[in-house]
Amino acid sequence: MRLCLINPSNPLVSMVKIRESRWNRYRVWKPLSLMVLAGLTPREWAISIVDENLGAPDYPAMPRPDLVGITAFTSQANRAYEVASYFRRLGVPVIMGGIHATMCLDEVMARVDSVVTGEAESVWPLVLEDVLHGSLKRRYDGGLAEMSAVPCARHDLLATGYAFGAIQTTRGCPLNCTFCSVTAFNGARYRQRPVMDVVREFQSIREKYVLVVDDNLIGTRTDHIGRAKDLFRAMAEANLQKEWIAQATINFADDEELLVLAAKAGCRGVFIGFESPSTEGLLEIGKKFNLLKDRDFRASVRRIQRHNILVTGSFIIGLDVDEPGIGKRIAEVSSQYGVDNLNVLFLTPLPGTRLWEQMKAEDRIALNSFPDDWRYFTLTYPVARYRHLSLDAAIQEVVSCNRNFYSLPRVLRRLCSNVWQRRAPLISFVGNISYRRNSRLDCKAYADFKYQRGSRYDCVSKMQTKPSLGHNIEAIESASRSLSPMT
Ligand code: B12
Ligand code: SF4
């Protein structure tokens, strides 16, 4: 039996534009979900994984599969439906799973034969049994998996074409920020895989560089951090010879022993969500965690960097507290914090989040013709109506933020400082150049975006009839005024 697992591509995602920027070659990441599913699949199935991010294959030339499994983030949903429809026309049953299928169940059920919601570990073997017996059900719910049931992913199936391997060591996040899907999907309980399972899986990864996909590798509580230390000790003892990057909360900086162990285990970079430069902004999105301990962010970043670990800071533009000038402010604040890279994104109501519920209730989701508009839910397009920023102004803030932070003098200053401190200057330089190039590609994409979707923001009259929902009518009027005639 042939199983074909597919990761659909969205050409609007800047990091998959390899032809336009060769630096993106270092930023195409392996679809771990499909490698985990393959790890759960009995050996009698012949499995192929198609990652469209490396280029869509010639499907008609492929041997006909007996079953197709498709994964999708929300931004990949449209392409997922196209691929599903192609295989269904051939009479091949199509199953979809992952975050979008879980959050938009009805939409997905209407377009595929069967849907797996939640984490797949507890149900995937049953799904395959049902396929073999011709009794595939319309829906399976995996809920939250036991972490000891997470198998070693099949890293051998996607052996070439990637700069980084991928692994997961924990799931879930207790912080439940309003804009983030993780707590809704993976739960608030922080669940950790057994340390030795992780070490063994690391050993099966061929790439020297690895992305640890955990949303927060170290967790927020003392016992979480104790486990992270155990993991790092075991990784160092196993002498894995890997270098890896991960995501963590800013408390990573607070424990010297944790930093020493992480560096010894191969940590070279960490991605931290600062989200907003203001207290009001952090309160608005529910990330009070960043406000604890009266934190000095610059000192925290420095403490991490002293261990030769690069820091990428992530911020959001479009919060209700954000006013014109926020882009420049974020660029300045990030430079003050001393981060090596900056990732700035539009506030995006992703289905299943608290933000989605709020914006939907307030009629602030501007791009709401689904499933067509999902393609813009990449966090690099403004899909909502922001309180103080018109469509043009929101785009302008992101552009000016990137221009400022990734100006050549600033990039060179960071390079010199990293060379001086012998802190992975090459990796940080490649990161800077890649972000710089992608922000330029995004600028071009915004012109098309405004042409194709700009008129959707032009609904002042509709919103004026609902003042009780808390809209700033002035901001909305200015949004419509600022739309170019092209839109
Ligand atoms: C790694 C990661 C990335 C990598 C992706 C690597 C890749 N090619 O897959 C990179 C950095 C490229 C990335 C990019 C983006 N990401 Co991202 N990413 C993640 C992260 C941190 C981990 C995903 C992961 O690998 N998990 C490990 C696997 C094992 O878990 P899983 O994917 O959930 O799969 C399990 C189940 O869902 C299920 N399953 C999944 N697929 C299928 C398919 C079938 C057939 C079945 C049966 C089951 C099944 O089984 C698996 C085992 O239990 C998640 C956060 C999270 N916790 O999910 C965010 C997350 C998925 N990303 C998110 C977003 C928004 C994006 C971007 C749009 C924006 C951005 N700038 O980051 C882009 C879009 C990229 C694109 N191509 O469209 C959101 C998605 C929300 C949504 N509703 O779509 C998340 C949830 C983060 C968040 N804060 O909300 N991301
Ligand atoms: S943004 Fe980060 S800290 Fe907040 S809920 Fe998501 S994973 Fe947790």
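We count ligands from 1, going down the list as the structure has it; atoms in each ligand are counted the same way. Remember, predicted model here, so these are calculated numbers, not experimental data.
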SB check R206 D156 (cutoff 4.0 Å): no
Is ligand 1 less than 4.0 angstrom away from at least one heavy atom of Y140? no
What residue and heavy atom of the protein are closest to atom 6 (Fe) of ligand 2, and at what distance? C180 SG, 2.4 Å
Protein heavy-atom partner closest to atom 2 (Fe) of ligand 2 - residue, atom, separation in Å: K287 NZ, 4.0 Å
Smallest heavy-atom separation, R385 atom then D363 atom, equals NH1-O, 2.5 Å
So with a 6.0 Å cut-off around CZ of R295, is the heavy-atom count from everything else above 12? yes
Which atoms of ligand 1 have any heavy atom of G69 under 4.0 Å away? 45 (C)
Which ligand 2 atoms does L175 reach within 4.0 Å, using its non-hydrogen atoms? 3 (S)
How are the rings of Y86 and Y59 set to each other: parallel, tilted or perpendicular (split at 30° and 60°)? tilted
Atoms of ligand 1 close to W124 [distance to a heavy atom under 4.0 angstrom, numbered from 1]: 47 (C)
Would you tell me which option among L37, T71, L32 has the nearest heavy-atom contact to atom 44 (C) of ligand 1? L37
Give me the residue, atom name and distance of the protein heavy atom closest to atom 4 (Fe) of ligand 2. C177 SG, 2.3 Å
So, is W29 polar-close to ligand 1, with some N/O to N/O distance under 3.5 Å? yes
Quick check: closest heavy atoms across S276 and L319, and the distance to 0.1 Å? CB-CD1, 3.8 Å
Quick one: which of L67, N10, D215 has a heavy atom closest to atom 56 (C) of ligand 1? D215
Quick check on contacts: which atoms of ligand 1 are under 4.0 angstrom from a heavy atom of F185? 33 (O), 37 (O)
Salt bridge R303-D296, side-chain N to carboxylate O under 4.0 Å: no
A student checking ligand 1 against G118 at a 4.0 Å heavy-atom cut-off should list atoms 36 (C), 37 (O), 38 (C)
At the 4.0 Å heavy-atom cut-off, does M35 count as touching ligand 1? no
Counting heavy atoms only, which of T74, D214, N186 comes nearest to atom 82 (C) of ligand 1? T74
Which bit of Q168 gets closer than 4.0 Å to ligand 1, counting heavy atoms only: side chain, backbone, both or neither? side chain
Note: V213, heavy atoms under 4.0 Å from ligand 1, region reported as both
Is the ring pair F274/F297 parallel, tilted or perpendicular, if the boundaries are 30 and 60 degrees? perpendicular
Among A149, A72, S75, P349, closest by any non-hydrogen atom to atom 74 (C) of ligand 1: S75
State if Q76 counts as touching ligand 1 under the rule of any non-hydrogen atom under 4.0 Å. yes
Part of L5 with heavy atoms under 4.0 Å of ligand 1, whether side chain, backbone, both or neither: neither
Please give me the minimum heavy-atom distance between C401 and I330, naming the atom from each residue. SG-CG2, 3.8 Å
Pair R191 + E119, salt bridge at N-O below 4.0 Å: yes
Could you report the tightest heavy-atom contact between S148 and D197, atom names first, then the distance? O-OD2, 4.3 Å
Ring centroids only, cut at 6.0 angstrom: are F377 and F370 within range, meaning strictly under it? yes
What orientation do F164 and Y209 show, parallel under 30°, tilted 30 to 60°, or perpendicular over 60°? tilted
For ligand 2, which atoms sit closer than 4.0 Å to a heavy atom of D215? 7 (S)
Which of these, W374, F346, F73, has its nearest heavy atom closest to atom 75 (C) of ligand 1? F73
Measure the acute angle between the ring planes of H224 and Y190, then classify it against the limits of 30° and 60° as parallel, tilted or perpendicular. tilted
C173 N/O/S atom closer than 2.8 Å to atom 4 (Fe) of ligand 2: no
Quick test of your reading of the structure: of P11, G98, S114, A145, whose heavy atom lies closest to atom 49 (C) of ligand 1? G98
Where do E121 and R171 land on the salt bridge (charged side-chain N to carboxylate O under 4.0 Å, His left out) test, with the steps shown first? CA-CA 13 Å; E121 280 76 4; R171 287 184 189 163; 2.8 Å; yes
Can you name the atoms of ligand 1, numbered from 1 with element, that are less than 4.0 Å from a heavy atom of V116? 47 (C)
Can you sort out which atoms of ligand 1 are near I99, meaning under 4.0 Å from one of its heavy atoms? 82 (C), 83 (N), 84 (O), 86 (C)
Between ligand 1 and F179, is the shortest N or O to N or O distance under 3.5 Å? no
Electrostatic pair E357:R354 at N-O distance under 4.0 angstrom: no
At a 4.0 Å threshold, what atoms of ligand 1 neighbour a non-hydrogen atom of E119? 53 (O)
Pick one of side chain, backbone, both or neither for how H100 approaches ligand 1, counting any non-hydrogen atom pair under 4.0 Å. neither
Please check: side-chain N/O of Y381 versus main-chain N/O of T378, any donor-acceptor pairing under 3.5 Å? no
When you measure from the side chain of K30 to the backbone N and O of Y162, does any donor-acceptor pair fall under 3.5 Å? no
Of the side chain and backbone of N176, name the one, both, or neither that has a heavy atom under 4.0 Å from an atom of ligand 2. backbone
Below a 4.0 angstrom heavy-atom separation, can you tell me which part of Q247, side chain or backbone, both or neither, approaches ligand 2? neither
Have a look at ligand 2 and work out which part of F179, if any, has a heavy atom under 4.0 Å from it: side chain, backbone, both or neither. side chain
Is C173 close enough to touch ligand 1? Criterion: a residue heavy atom under 4.0 Å from a ligand atom. no
A student checking ligand 1 against E121 at a 4.0 Å heavy-atom cut-off should list atoms 52 (C), 53 (O)
Between D141 and T117, do the side chains contain an N or O donor and an N or O acceptor separated by less than 3.5 Å? yes
Of all the heavy-atom pairs spanning K242 and E207, show the shortest one and how long it is. NZ-O, 2.9 Å
